[in-house]
Structure formats: structure tokens, C-alpha cells
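Reading through the C-alpha cells given below for one structure.
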Protein chains: 2
Amino acid sequence: MIAKSLDLLKKNNLSKTESRKGILDLFLHTNGALAHADIEKKTAAAFDRVTVYRTLQTFVDYGIIHQIPTTDNTILYALCKDDCEAGHHHDEHVHFVCNKCENTICLDDVIVPKVKLPKGFQPSQVAMVVRGVCVVCKN
Amino acid sequence: MIAKSLDLLKKNNLSKTESRKGILDLFLHTNGALAHADIEKKTAAAFDRVTVYRTLQTFVDYGIIHQIPTTDNTILYALCKDDCEAGHHHDEHVHFVCNKCENTICLDDVIVPKVKLPKGFQPSQVAMVVRGVCVVCKN
DNA sequence: AAATAATTTGCAACCATATTGCAAAATGGT
DNA sequence: ACCATTTTGCAATATGGTTGCAAATTATTT
């Protein structure tokens, strides 16, 4: 469990820089999804904004994290499960956004059900976001 | 079919202004979803940016249009079906984003399937976005 | 139809978020 | 330790969105 971030970087042939390691560690120690702003806060602005943007983009490109669609014009990112590869995400699980604590949680065990699309539509990726009250806030 | 936008405005007790009518007409004549930038372009900047933002917000509040979550930090809007009301959307249909033409289409007839969440999670709203190739671009 | 009240618009200014070019710094391979 | 390559950070710029307020438009009253 020590230095799992380094393993991940090595596995993807990414150079081990402070920012990549730091941001990846943050994801590994966070349960839910993170927005760019969260990352800036939680890393105490140790890295330049631009570096954070580029690092996130790199991680998405390499299939280390994935994006979660939102309706408030921010982008959320969360760790991919182990079987994601560069250029091809398999993050077919449901995301849950809590209306109280506003955290976004990956429900890794809840897979997105298949839907039947109208004739001619060819799906390649599905995202499902459920809003509601999470298990922590339900009381 | 003439002046359906006026009907819609009247039904919601909204004053009939040029911008509301114009923007609503645009939605009525567009098949897919629209982003703020699309609206500015297609109305030839006839209305102020601020007016467009406020008009969209008003339409969302009154249940005339709904927002579609995206992963590119924009907000998409699309017409609601008839049974939406102020403050309460029933737009539980699937949205399709085409990777080729980049249009977003409401699949009004494909309703979002129910999923079983882990114990303690209480859902209130579900969004589902499918990416792929649409019926127009499939060839 | 004119006058008034209420709402909406447009402008200016502002803030937040995101991207690009480029020089300096850090990393990896030899 | 050196050098080629990649990554970082800064500055500048672009894009997206909000707020306050006066002017204009719409609705209401008479």
C-alpha cells in the first residue's frame, strides 16, 4: 500500500514528478470524486493551477482517472478501477452525488444497466449519475 | 404549431418578450440540446449574454427546459416534455452525445432504468448520458 | 388609450475557470 | 555527471458566468 501512486505511474510509463505523485496520492486517499478546485485546496496550492489541469488531463488520457458529468459546469474526476487502460475507460459504474454534503461517490459495485437505444444509435460509453442523500448524511 | 412559443410562455405566466420568444423558438426548432454558446451563435447575438443566461435560468425554474450533465464544463439545455412543471422535472430519459457531430439528443422514449443502490443511499434524481455514434452519423 | 406599476433588458464591471506559449527546472537514460 | 526530453510555473489570454443598476419594455389599472 505504500507508494501505490509510484506503482501506478510506473505502470503507465509516466515520469515520477512531485505533482503527479501528490495529486495521485490525493485521489488514493479520497473516497469520492474531486474537482479541480478541491485538488488545489487539499494540496494547499503546492502546484500551479496549470500543472493541476495538465496532470488531470494526463491521468485521464492514461486511464488512471475518469471524468464524471455534472450540471454545474465543473468537471469531477475519480480514480478508475484497475482494468482501465489508456484511451479506453471501463468505468461503467454509477456515481452518486449527495445533495447534503455535495460529495460525489463512485459506487464501484453498482454497474450501469444496459439500455435499449433507438435503431441506429451505437453506444460506446455510458455515464449514470444519481443524486440524493448518501449513507453518511441520511440521518 | 404557429406561435407555440407564445403558448408556452402564456401557460407559464411569463411575459412575452422578444428574447424569451426568440430563445424558445430556437429550442422548438432544434432537435438536440443547446449550450449557451450555441444560442448566442444561432440568434446572431441578438440578445445580450446576460439576458440569455437569465432567460435560460427562468426556463429551467419554470420547467420548460432542463439541464444535461456534461464532462466539458458547459451546461446543455433541452426542452422538457409536456409533463414537466415548475420546480419539478420529470425528465428521466436518456441523453445521447454523438462523438462525431457532438450533438446531444434527448431520447425521450428511452427512460432511465432503476438501479439498486447500496443500503442507506436514497436517490432523488437520476441522469444517464450515453456517448457513441448517432443515427445520422453512423455511416 | 394613457398613466402607472412591475418586470425585464442591456451595459459595465467583476469573478471564476480554463488554455496557450515559452523559458526555467526537473526527470530519465546513457 | 551529462545531455536530451519532459514537465513545471509564470504571464498573458480566453471562455464562461454573475451582480448592480439605470433604461426600456411589458403588463395592469383606470
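We name chains A, B, ... by the order of the sequence lines, and we start the count at 1 in each one.
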query: Base, sugar-phosphate, or nothing: which does A:R49 touch, judged by heavy atoms less than 4.0 Å apart?
result: base
- prompt: With side chains defined as the heavy atoms from C-beta onward, is the minimum distance between B:N103 and B:C134 less than 4.5 Å?
  reply: no
- prompt: B:S15 side chain N/O closer than 4.0 Å to the phosphate oxygens (OP1, OP2) of D:dA27?
  reply: no
statement: A:H36 NE2 to C:dA18 C1', in whole Å, measures 8 Å
- prompt: What is the distance, rounded to the nearest whole Å, between atom CG of B:L56 and atom P of D:dT18?
  reply: 10 Å
query: A:K10 has an atom NZ; how far is it from atom C1' of C:dG28, in whole Å?
result: 13 Å
query: Which nucleotide, D:dC10, D:dG17, C:dT17, lies nearest any side-chain atom of A:N73?
result: D:dG17
task: Kindly assign one of parallel, tilted or perpendicular to the pair A:H36 and A:Y53, based on the angle between their ring planes and the thresholds 30° and 60°.
output: parallel
task: Could you state the atom-to-atom distance from CG of A:D48 to C1' of C:dA23 in whole Å?
output: 14 Å
task: Identify, between B:I75 and B:T17, the residue whose nearest nucleotide on DNA chain D lies closer to the 5' end.
output: B:I75
message: Measuring from atom OG1 of B:T71 to atom CG of A:L76, what distance do you get when rounded to the nearest 0.5 angstrom?
response: 11.0 Å
task: Could you tell me whether B:K21 and B:D25 make a salt bridge, using a distance below 4.0 angstrom between a side-chain N and a carboxylate O?
output: yes
query: Is there a donor and acceptor pair closer than 3.5 Å between the side chain of B:R54 and the base of D:dG17?
result: no
